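These numbers come from a predicted model, not from an experiment. Naming convention: chains lettered A, B, ... in sequence-line order (proteins, then strands); numbering from 1 in each chain.
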Amino acid sequence: FSLMRRGISEERYTDGSKWRFLEHKGPVFAPAYEPLPEKVKFYYNGKPMKLSAPAEEVATFFAKMLDHEYTTKDIFRKNFYKDWRKEMTSEEKSIITDLKKCDFSEMNEYFKAQSEARKQMSKEEKQKIKEENERLLSEYGFCIMDNHRERIGNFRIEPPGLFRGRGDHPKMGMLKRRIRPEDVIINCSKDSKHPKPPPGTKWKEVRHDNKVTWLASWTENIQGSIKYIMLNPSSRIKGEKDWQKYETARRLKKCVDRIRTQYREDWKSKEMRIRQRAVALYFIDKLALRAGNEKEEGETADTVGCCSLRVEHIKLFPKMDEQEYVVEFDFLGKDSIRYYNKIPVEKRVFKNLQLFLENKQPEDDLFDRLNTSILNKHLQELMDGLTAKVFRTYNASITLQQQLKELTCDDSIPAKLLSYNRANRAVAILCNHQRAPPKTFEKSMQNLQTKIDEKQNQLSAARKQLKAAKANHKASHDDKSKKAVEVKRKAVQRIEEQLMKLQMQATDREENKQIALGTSKLNYLDPRISVAWCKKWGVPIEKIYNKTQREKFAWAIDMAEKEF
DNA sequence: TGGCCGACTTGTCCACAGATAC
DNA sequence: GTATCTGTGGACAAGTCGGCCA
């Protein structure tokens with residue numbers, strides 16, 4: 001099962017092929033559209049209007065979103081309206097000329113009532129649905145790749161709906177169309193039992209390409225990009241790749257000093273392009289910024305990474321408070337998450353930045369002689385397999401390791417877990433993994449505090465009882481009273497532990513308010529570091545990784561020792 | 001060299017199942 | 001048993017990066 005045991009021996013395809021045998025049942029399609037009951041009406045200009053099925057379906061997408069803020073946004077409404085009209089009959093088109101006069105509220109209420117009804121379903125009904133889902137999973141959720149039965153990551157095709165990008169997306173509200181079998185390319189091995197398309201339909205194509213890992217693909221209509229059905233992270237093929245990624249980061253560890261010396265040297269280069277490359281690399285290394293590919297303007301939200309930073313995204317302060325040469329970063333990164341940071345840099349970096357800014361407008365590129373392709377080609381020369389993102393992996397993992405070393409002390413398990421989460425948190429902060437504070441945050445904090453208060457009361461009560469028992473024992477000196485003292489002592493101890501655990505939880509939750517740990521844990525932290533830490537400090541692995549995570553990191557759990 | 005495309009990884013959010021409290 | 005809370009998995013968007021082609 002472990003990669004060590006089966007993986008290394010199976011890392012045998014030197015020709016770039018990913019598998020020899022691949023068999024699966026194909027994807028599961030979204031259920032067909034169910035027209036609204038007669039009584040649920042759409043109104044135009046105050047009058048009920050029966051829509052054709054295609055127009056009605058698209059209207060329901062909008063109706064379902066009525067409570068969301070984005071149905072009030074101009075771009076969303078404009079895009080929706082434009083695509084909706086394409087689904088209307090010519091008669092509908094001539095009647096419906098203004099989105100503002102459309103009333104979807106009855107439809108909206110109908111869907112709310114439906115979801116309420118779903119919640120109110122009896123146990124038996126819920127059980128039936130659950131069983132049906134399990135059946136679907138067991139039939140479509142697995143494939144055979146080489147000699148293993150593997151879990152598929154996403155075997156359902158995305159249902160149609162209205163596209164909602166992240167941040168200020170120019171395409172928000174556009175219709176994401178329904179995917180039919182005729183849109184889907186199937187990939188499997190020739191000698192496998194090929195998946196059957198639904199009755200009366202055909203696949204777009206069935207191919208047998210073992211140089212790729214996907215089982216099915218289709219082109220999505222919003223960006224024109226390809227979507228795939230691939231395996232679950234627990235699969236051999238994903239695990240191996242993941243392991244390789246961390247091995248590359250470990251190779252970087254061995255030569256990172258040399259690379260750092262090199263780019264510091266390059267800050268002095270005569271050539272502008274080399275200076276820019278060196279400063280950018282410094283940011284990627286020090287701040288764990290993403291590479292920053294160019295993006296097509298107007299196609300996506302305006303976000304940047306290191307190489308695509310613009311003049312308007314940084315401010316230079318020769319002096320700020322007590323510090324010299326401070327750079328202030330303020331830009332929207334991946335998923336339109338804001339990156340804001342003020343850091344002091346070396347004088348040479350500062351002078352270079354001043355140079356890069358000369359004679360530029362705010363919307364000009366900071367690194368006008370650099371892009372990710374140039375940067376990665378340079379990195380490739382410094383180390384085989386090195387790219388910009390390896391720095392993120394490396395710095396995340398090394399930070400975890402250092403922080404764990406610094407923070408862990410030989411204390412209770414809850415205290416160790418708090419230390420672990422704090423180390424994890426340091427990484428999340430480095431990688432700028434933020435989250436919106438959960439809607440229920442305040443409340444859940446309050447609940448926890450109430451529990452702590454109760455526990456405290458319990459503790460003082462238990463202490464009183466212990467005191468009384470002791471007094472009693474002093475007076476009587478018999479065995480029975482001695483036992484009573486012991487029992488009470490144990491009770492106090494137990495409650496103290498429980499209280500401490502709760503307090504640790506509260507601290508942890510508070511500190512975690514706006515920080516998301518999941519992404520770094522899943523994608524950046526070499527699991528062998530965590531597994532070794534668990535072994536070293538006697539912490540059960542289940543406290544760190546849940547079931548899914550343990551499956552994903554099975555390779556590391558199997559191979560790690562106390563020291564890593 | 002630069003643009004485009006394909007494959008694959010990384011990222012946030014949210015519904016909902018199962019746990020826990022009452 | 002029901003109400004409430006919380007962690008998990010899934011949905012699906014948005015990155016990275018390499019290869020191909022003109």
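- Backbone-only engagement by A:T303 is indicated by non-hydrogen atom pairs under 4.0 Å involving sugar-phosphate atoms exclusively.
- Residue A:L215 contributes atom CG, which lies 13 Å from atom C1' of B:dC8 at whole-angstrom precision.
- For C:dT16, one of the phosphate oxygens OP1 or OP2 lies less than 4.0 angstrom from a side-chain nitrogen or oxygen of A:N293.
- Taking atom CE on A:M65 and atom C1' on C:dC12, their separation rounds to 12 Å, with Å as the unit.
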Name every donor-acceptor pair, under 3.5 Å, that has one atom in a side chain of residues 540-547 of chain A and the other anywhere in the protein, sequence neighbours excluded.
residue, atom, partner, partner atom, Å
A:Y545, OH, A:S530, OG, 3.4
A:N546, OD1, A:T548, N, 3.1
A:N546, OD1, A:Q549, N, 3.0

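- Proximity of a side-chain donor or acceptor of A:S336 to a complementary backbone N or O of A:L332 within less than 3.5 Å is not detected.
- For C:dT16, the OP1/OP2 oxygens have no side-chain nitrogen or oxygen of A:T387 closer than 4.0 Å.
- OP1 and OP2 of B:dT1 both lie 4.0 Å or more from every side-chain N or O belonging to A:R369.
- At C:dG10, none of the side-chain N or O atoms of A:N154 fall inside 4.0 Å of OP1 or OP2 (strictly under the cut-off).
- Applying the 4.0 Å criterion to OP1 and OP2 of C:dA13, one finds that A:K227 has a side-chain N or O inside that range.
- Remark: A:T213 is in phosphate contact with B:dC8, judged by side-chain N or O atoms under 4.0 Å from OP1 or OP2.
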Check your understanding: Given A:S225 and A:E220, is the side-chain hydrogen bond (donor to acceptor under 3.5 Å, both in side chains) satisfied, shown in steps?
Key -> CA-CA 6 Å; A:S225 66; A:E220 149 275 341; 2.8 Å; yes
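- Judged by closest nucleotide on DNA chain C, A:E220 is the one of A:E220 and A:C306 placed further toward the 5' end.
- For A:W203 (side chain) and A:P195 (main-chain N/O), a donor-acceptor pair under 3.5 Å exists by modelled atom type.
- A:K18 comes within 4.0 angstrom of the backbone, heavy atoms only, and of no base.
- Taking the six-membered ring where tryptophan is involved, the planes of A:W214 and A:Y228 are tilted, since the angle between them lies from 30° to 60°.
- A straight line from CZ of A:R177 to C1' of C:dC12 spans 16 Å, rounded to a whole angstrom.
- Residue A:K176 has its side chain nearest to C:dC12 when only B:dC8, C:dC12, C:dA14 are considered.
- When the C1' atom of B:dC4 is taken as reference, atom NZ of A:K295 falls 17 Å away, rounded to whole Å.
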Can you pull every protein N or O that's under 3.5 Å from an N or O on nucleotides 3-5 of chain C?
residue, atom, partner, partner atom, Å
C:dC5, OP1, A:K443, NZ, 3.0
C:dC5, OP2, A:K443, NZ, 3.1

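- Taking the six-membered ring for Trp and the full ring otherwise, the centers of A:F142 and A:F155 sit at least 6.0 Å from each other.
- Enclosure of atom CD in A:Q114 by more than 12 non-hydrogen atoms of other residues, nucleotides or ligands within 6.0 angstrom is indicated.
- If you check every strand for non-hydrogen atoms under 4.0 Å, A:Y228 touches a base.
- Look at CH2 on A:W214: it is 15 Å from P on B:dT9, rounded to the nearest Å.
- Residue-to-nucleotide proximity on DNA chain C shows that, of A:A291 and A:N546, the 5′-proximal contact is made by A:N546.
- Considering only the side chain of A:Q380, C:dG18 comes nearest among B:dT9, C:dG18, C:dA14.
- Put simply, the side chain of A:D83 gets close to the backbone of A:L175: a donor and an acceptor are under 3.5 Å apart.
- When each of A:K377 and A:K238 is assigned the nucleotide of DNA chain B bearing its nearest heavy atom, the one mapping closer to the 5' terminus is A:K377.
- Among the protein residues, A:A388 comes within range of the sugar-phosphate backbone only, with heavy atoms under 4.0 Å from sugar or phosphate atoms but none that close to a base.
- Rounded to whole Å, atom P of B:dT1 lies 8 Å from atom CD1 of A:I374.
- When rounded to the nearest whole Å, the span between CD of A:Q223 and C1' of C:dT16 equals 16 Å.
- Not less than 6.0 angstrom separates the ring centroid of A:Y140 from the ring centroid of A:H24.
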Exercise for review: Report, as a single string ordered 5' to 3', how protein heavy atoms within less than 4.0 Å touch nucleotides 10-22 of chain B: B base, S sugar-phosphate only, - not at all.
Suggested key: BBBS----S----
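- No engagement by A:P233 is indicated, since no non-hydrogen atom pair under 4.0 Å with the nucleic acid exists.
- Here the OH atom belonging to A:Y70 is positioned 4.0 Å from the CE atom belonging to A:M65, to the nearest 0.5 angstrom.
- Other residues, nucleotides and ligands contribute at most 12 non-hydrogen atoms within 6.0 Å of the NZ atom of A:K25.
- As a whole-Å value, the separation of A:E542 CD from C:dT8 P is 12 Å.
- Nucleic acid contact for A:G292: sugar-phosphate only, since backbone atoms but no base atoms lie under 4.0 Å from a heavy atom of the residue.
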